Each structure stands twice: as structure tokens, then as C-alpha cells.
J.: 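First the structure, which I've put down as C-alpha cells, then a few questions once you've had a look.
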Amino acid sequence: MEGDKLPRVAVAVFVINGENKVLLGRRRSPGGDHSFALPGGKLEFGESFEECGTREAKEETGMDLKGFEVLTVINDVALSGPSPSHYVTVLARAVPSDPDQEPENLEPDKCDGWGWYDWDRLPEPLFRPLEVEVRSGFNPFVTKPSH
Ligand SMILES: CC(C)CCOP(=O)(O)OP(=O)(O)O
Ligand SMILES: [Mg+2]
Ligand SMILES: [Mg+2]
Ligand SMILES: [Mg+2]
């Protein structure tokens, strides 16, 4: 196996609005160039899932969130390619604290921009782990919280 490398934990948030839309951004960073992904990122030491998800969403999109719920967890192993990665990713759902707030692209070096996309007409390509979940039939609008 990869020496003493350890998997990392990440939290990705389905920020949804009532009209069946979800917030997605086209990634520019390694490990997902130009594919559409959820706001989120690496769990920092000592953080709760909610602290991580809401912090990452704020850092990346400027959005303040409420109603954070953990939906599921995926084991995202990507060993092929130039930068092998292994993330245990918590998938969560939340809504904007202010329904009129629009996202800003606060990390233009890592993202081409954020937009609201209809769940039934998602953009392509989706970021690989998100694509796998969508193909499996996962739907953040109907999934019950995990606990
Ligand atoms: C690749 C992904 C599942 C985990 C890391 O997410 P990320 O690259 O957005 O991480 P940061 O936002 O913390 O930089
Ligand atoms: Mg981040
Ligand atoms: Mg981060
Ligand atoms: Mg991120």
C-alpha cells in the first residue's frame, strides 16, 4: 500500500434552495479540474462535521448556512493518476440562512465560479465522487438525514 499515507476526511455540502436547485462550482484545483463539485473541503483537527461544512462553504462561496444535516458518507479512493487520493467524505445538506444571498467566488484560483443548478438538469462533467453518487440514484432533496 502507499507507505504510511492515511486517508483524509472531507465534508461536502449540498446547499439547496426550494426550487430543486443545488449550488455547484467548477473546480480548477488538482484532483478534479473543470468538473462541477459541491462546496466543501478537508476536515480540520477538532472540527465537527457541521463546523467544517459551514466553514468551507463560507470560505469558498461566502454563503451562511443553516439546517445542516449529515446525509451519507462515501469512501472516495482514487489511486490511479498523478496524485493518488483517498478521502472519507461526509455528504451533508443545508440551506442558505438568507434565501436571497447569492454565492461569490472567493477562491478564483480553485474554482471558476458558483451557480445554482436544477437537480434534474445537472451540468457536466460532475466531479467524480459526485458523479458516482448521482449515478447511484442519490438525491439530496429526498434523502433522510442519517441521524
Ligand atoms: C477532494 C475532496 C473530496 C476533498 C478535498 O476537498 P477540497 O480540495 O475542496 O479541499 P479544501 O476546500 O479544504 O481545499
Ligand atoms: Mg475549501
Ligand atoms: Mg479546507
Ligand atoms: Mg473545497
Side-chain angles (χ1 to χ4, degrees), residues 1-18 21-117 119 122 125-147:
M1 293 305 281
E2 292 275 325
D4 56 359
K5 282 181 80 172
L6 295 171
R8 286 210 63 171
V9 181
V11 178
V13 190
F14 287 93
V15 181
I16 60 178
N17 71 24
K21 290 189 186 301
V22 64
L23 187 61
L24 294 170
R26 198 196 269 269
R27 284 175 76 89
R28 301 184 65 180
S29 56
D33 244 356
H34 299 294
S35 58
F36 289 88
L38 302 170
K42 301 169 188 73
L43 187 71
E44 305 294 346
F45 188 83
E47 274 188 318
S48 70
F49 294 148
E50 180 165 356
E51 286 167 344
C52 176
T54 52
R55 173 185 54 75
E56 286 288 344
K58 184 72 175 172
E59 283 176 1
E60 299 177 351
T61 74
M63 297 291 288
D64 295 306
L65 305 182
K66 67 179 182 181
F68 184 93
E69 296 171 304
V70 172
L71 299 181
T72 190
V73 183
I74 58 175
N75 188 36
D76 175 23
V77 181
L79 301 184
S80 58
S83 50
S85 68
H86 182 180
Y87 281 94
V88 175
T89 301
V90 173
L91 297 183
R93 170 177 61 208
V95 297
S97 304
D98 169 2
D100 299 324
Q101 185 183 7
E102 285 301 320
E104 303 167 69
N105 188 11
L106 299 181
E107 297 181 340
D109 56 323
K110 296 170 77 173
C111 177
D112 279 340
W114 297 99
W116 295 104
Y117 293 89
W119 184 256
L122 292 173
L126 291 179
F127 184 44
R128 182 187 35 73
L130 179 58
E131 169 75 25
V132 169
E133 274 310 288
V134 170
R135 281 216 189 127
S136 75
F138 181 82
N139 183 330
F141 291 89
V142 300
T143 303
K144 294 199 178 1
S146 66
H147 60 277

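Given the structure is predicted, the values throughout are model-derived calculations rather than measurements.
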J.: Atom CZ in Arg28, atom CG in Asp109: separation rounded to 0.5 Å?
T.: 7.5 Å

J.: Of all residues at least two apart in sequence or in a different chain, which pass the salt bridge (charged side-chain N to carboxylate O under 4.0 Å, His left out) check with Lys110?
T.: Glu107

J.: Name every donor-acceptor pair, under 3.5 Å, that has one atom in a side chain of residues 7-14 and the other anywhere in the protein, sequence neighbours excluded.
T.:
| residue | atom | partner | partner atom | Å |
| --- | --- | --- | --- | --- |
| Arg8 | NH2 | Leu43 | O | 3.4 |

J.: Over all heavy atoms of both residues, which pair between Gly25 and Cys111 is shortest? Give the atoms and the distance, please.
T.: CA-SG, 3.9 Å

J.: Salt bridge (Lys or Arg N to Asp or Glu O under 4.0 Å): which pairs involve residues 131-144, sequence neighbours left out?
T.: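 Qualifying pairs, neighbours excluded: Glu131-Arg135.
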
J.: Kindly determine whether Phe36 and Tyr117 satisfy ring pair (Phe, Tyr, Trp, His ring centres under 6.0 Å), including the steps that lead there.
T.: CA-CA 10 Å; Phe36 289 88; Tyr117 293 89; 5.5 Å; yes

J.: Give the intermediate values and the outcome of side-chain contact (heavy atoms from CB on, under 4.5 Å) for residues Val73 and Thr89.
T.: CA-CA 6 Å; Val73 183; Thr89 301; over 6 Å; no

J.: Return the set of residues passing side chain to side chain contact (heavy atoms under 4.5 Å, CB included) with Pro103 (not counting sequence neighbours), or none when no residue passes.
T.: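 For Pro103 the side chain to side chain contact (heavy atoms under 4.5 Å, CB included) partners, ignoring immediate neighbours, are Leu23, Thr61, Met63, Trp114, Trp116.
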
J.: For Phe138, is the CZ atom crowded, meaning more than 12 foreign heavy atoms sit under 6.0 Å from it?
T.: yes

J.: Is Gln101 reaching over with its side chain to a backbone N or O of Gly62, donor-acceptor style, under 3.5 angstrom?
T.: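 Yes: the side chain of Gln101 pairs with the backbone of Gly62.
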
J.: side-chain contact (heavy atoms from CB on, under 4.5 Å) for Asp112 and Asn105? Distances and angles first, verdict last.
T.: CA-CA 8 Å; Asp112 279 340; Asn105 188 11; 5.6 Å; no

J.: Tell me, please, which residues at least two apart from Asn75 pass side-chain hydrogen bond (donor to acceptor under 3.5 Å, both in side chains).
T.: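 Applying side-chain hydrogen bond (donor to acceptor under 3.5 Å, both in side chains) to Asn75 gives His86.
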
J.: Please enumerate all residues that pass side-chain hydrogen bond (donor to acceptor under 3.5 Å, both in side chains) together with Glu47, with sequence neighbours excluded.
T.: Arg55

J.: Closest approach of Thr143 and Asn139, non-hydrogen atoms and distance?
T.: OG1-O, 2.6 Å

J.: Tell me if a side-chain donor or acceptor on Glu51 pairs with a main-chain N or O of Ser48 at a distance below 3.5 Å.
T.: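 Answer holds: yes.
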
J.: Step by step, would you call Leu126 with Val134 a side-chain contact (heavy atoms from CB on, under 4.5 Å)?
T.: CA-CA 9 Å; Leu126 291 179; Val134 170; 3.9 Å; yes

J.: Quick one: side-chain hydrogen bond (donor to acceptor under 3.5 Å, both in side chains) partners of Asp76, sequence neighbours excluded?
T.: Arg128

J.: Could you report the tightest heavy-atom contact between Pro39 and Ala57, atom names first, then the distance?
T.: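 Taking Pro39 first and Ala57 second, the nearest heavy atoms are CB-CA, 4.2 Å.
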
J.: Where is the tightest heavy-atom contact between Asn17 and Phe141, given as atom of each residue plus distance?
T.: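 Closest heavy-atom pair between Asn17 and Phe141: O-CE2, 3.8 Å.
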
J.: Please list, chain by chain and in numerical order, all residues satisfying side chain to side chain contact (heavy atoms under 4.5 Å, CB included) with Lys58, sequence neighbours excluded.
T.: Asp64

J.: Going through the checks in order, is the side-chain contact (heavy atoms from CB on, under 4.5 Å) test met by Arg27 and Phe127?
T.: CA-CA 8 Å; Arg27 284 175 76 89; Phe127 184 44; 3.8 Å; yes

J.: Which pairs would a plain distance check flag for residues 65-72, meaning a side-chain donor or acceptor within less than 3.5 Å of a matching protein atom at least two apart in sequence or in another chain?
T.:
| residue | atom | partner | partner atom | Å |
| --- | --- | --- | --- | --- |
| Glu69 | OE1 | Arg93 | NE | 2.9 |
| Glu69 | OE1 | Arg93 | NH2 | 2.8 |

J.: State whether the side chain of Arg26 and the backbone N or O of His34 hold a donor-acceptor pair below 3.5 Å, judged by distance alone.
T.: yes

